[in-house]
Amino acid sequence: MSTPLPPAAALRRIAFLLERAREPTHRVAAFRTAAAVVDALPEGELDRRIRTRTLTDLRGIGPKTGAAIVQAHAGEVPEYLARLEETFAELVPLADDVAEFRSALRGDLHTHSDWSDGGSPIREMAEAAIALGHEYVALTDHSPRLTVANGLTAERLERQLDVVAALNEELAPFRILTGIECDIHLDGRLDQTDELLGRLDVVVASVHSDLRAESAAMTERMLAAVANPHTDVLGHCTGRLLIPREQREGRRQRPRPESAFDAEAIFGACVEHGTAVEINSRPERLDPPLRLLALAVELGCEFAVDTDAHAPGQLDWQANGCERAVETGVDPDRVVNTWPADELLEWTAGAR
Ligand SMILES: [Zn+2]
Ligand SMILES: [Zn+2]
């Protein structure tokens with residue numbers, strides 16, 4: 001695993017690897033302590049400390065841990081961590097329960113190709129999914145309104161459906177499920193025609209704008225999308241970004257906090273309308289946060305463990321989501337992408 005992690009998670013990962021390598025306990029403890037220090041910082045403080053180069057003034061943070069924090073904060077894999085990962089690759093398989101959870105997944109319901117803001121053609125994404133042992137992958141490129149992500153107009157989506165149909169003939173029994181990551185408008189409507197949404201196998205509905213709206217407005221907006229009979233999966237529900245990330249055209253997005261909404265109302269509506277809550281595995285998202293994931297479990301939601309991959313290698317990120325699912329007691333049978341394709345499609349069709 002060498003994907004970027006937020007600073008505290010990167011430090012814990014280093015501690016974990018050192019421990020598995022039977023390094024002296026005081027070295028392991030140094031990284032755990034630094035992780036706890038980072039966790040305890042008030043919002044914005046880490047940013048300020050890094051900017052003013054005063055990170056190592058903090059008790060519990062030294063040159064080595066400090067360097068790892070700075071690199072992780074910049075969205076990179078810390079050099080030290082990268083070296084450890086390489087050295088101990090064979091020593092640190094996934095924890096058994098996480099590996100078991102992951103092996104129960106048959107596909108991925110949220111992926112992007114170069115038709116929107118992904119970096120690779122549909123075929124390459126599909127071939128990577130096949131190599132991972134998936135039985136299906138839903139292609140969910142962005143909807144028209146997301147022009148920064150080259151969202152697909154109705155016409156382009158129609159054309160994509162033909163391309164997918166041709167690929168499916170070639171790649172059978174593997175199956176590319178047709179789909180969309182549909183933007184949720186401010187008024188809760190979905191950003192594509194009803195007719196097209198009705199023809200797609202999988203509809204992931206996500207909020208991508210006005211993320212700092214007041215809780216009441218955001219709740220109403222999300223409720224409408226969750227209740228929409230076309231919606232199958234509620235994508236990255238809080239919209240948070242844990243670490244900065246590069247976007248197309250070199251734009252850099254800064255971390256941002258969770259959107260505010262009435263989580264109990266939203267997850268309750270997901271149960272009522274048969275909409276799965278996405279467990280987004282992207283390292284900068286890891287959405288929903290654990291406390292909300294635990295709430296969704298408690299309320300009886302269904303889930304989809306997705307990668308939101310924008311490149312073939314990212315299809316391997318599902319372990320991130322599985323780890324969090326295991327931690328919060330998600331039952332694999334409640335995860336819709338553990339189901340065979342036919343069963344899954346019956347469910348998405350029934351939901352509309
Ligand atoms: Zn999205
Ligand atoms: Zn996406």
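Each ligand, and each atom within it, is numbered from 1 in the order the structure gives. This structure is a prediction, so every number in the text was calculated from the model and none was measured.
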### Query
Can you name the N/O/S atom of Asp308 that is nearest the Zn ion (ligand 2)?
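Nearest N/O/S atom: OD1.
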### Task
Test Arg13 against Glu85 for salt bridge (charged side-chain N to carboxylate O under 4.0 Å, His left out), laying out the working first.
CA-CA 9 Å; Arg13 177 80 187 158; Glu85 296 279 11; 2.9 Å; yes
### Query
Do the ring planes of His208 and His142 sit parallel (below 30°), tilted (30 to 60°) or perpendicular (above 60°)?
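The arrangement is perpendicular - the two ring planes meet at more than 60°.
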### Query
Would you say His110 reaches the Zn ion (ligand 1) with an N/O/S atom under 2.8 Å?
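No, His110 does not qualify, because none of its backbone or side-chain N, O or S atoms lies under 2.8 Å.
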### Query
Under 3.5 Å, is there a donor-acceptor pair linking the side chains of Thr348 and Asp232?
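No, no side-chain donor-acceptor contact under 3.5 Å.
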### Query
If you measure only the distance, is there a donor-acceptor pair under 3.5 Å linking the side chains of Asp191 and Ser143?
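Their side chains do contain a donor-acceptor pair, which is all the 3.5 Å distance test asks for.
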### Query
With a cut-off of 2.8 Å, does His142 place any N/O/S atom under that distance from the Zn ion (ligand 2)?
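No, outside the cut-off.
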### Task
Using 2.8 Å as a strict upper limit, say whether an N, O or S atom of His310 approaches the Zn ion (ligand 2) that closely.
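It does not; every qualifying atom lies at 2.8 Å or beyond.
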### Message
The test is salt bridge (charged side-chain N to carboxylate O under 4.0 Å, His left out); show your working for Arg159 and Glu155 and say whether it passes.
### Response
CA-CA 6 Å; Arg159 253 197 295 138; Glu155 294 71 39; over 6 Å; no
### Task
Please calculate the OE2(Glu181)-the Zn ion (ligand 1)-NE2(His208) angle and round it to 10 degrees.
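Output for this angle: 90°, rounded to tens.
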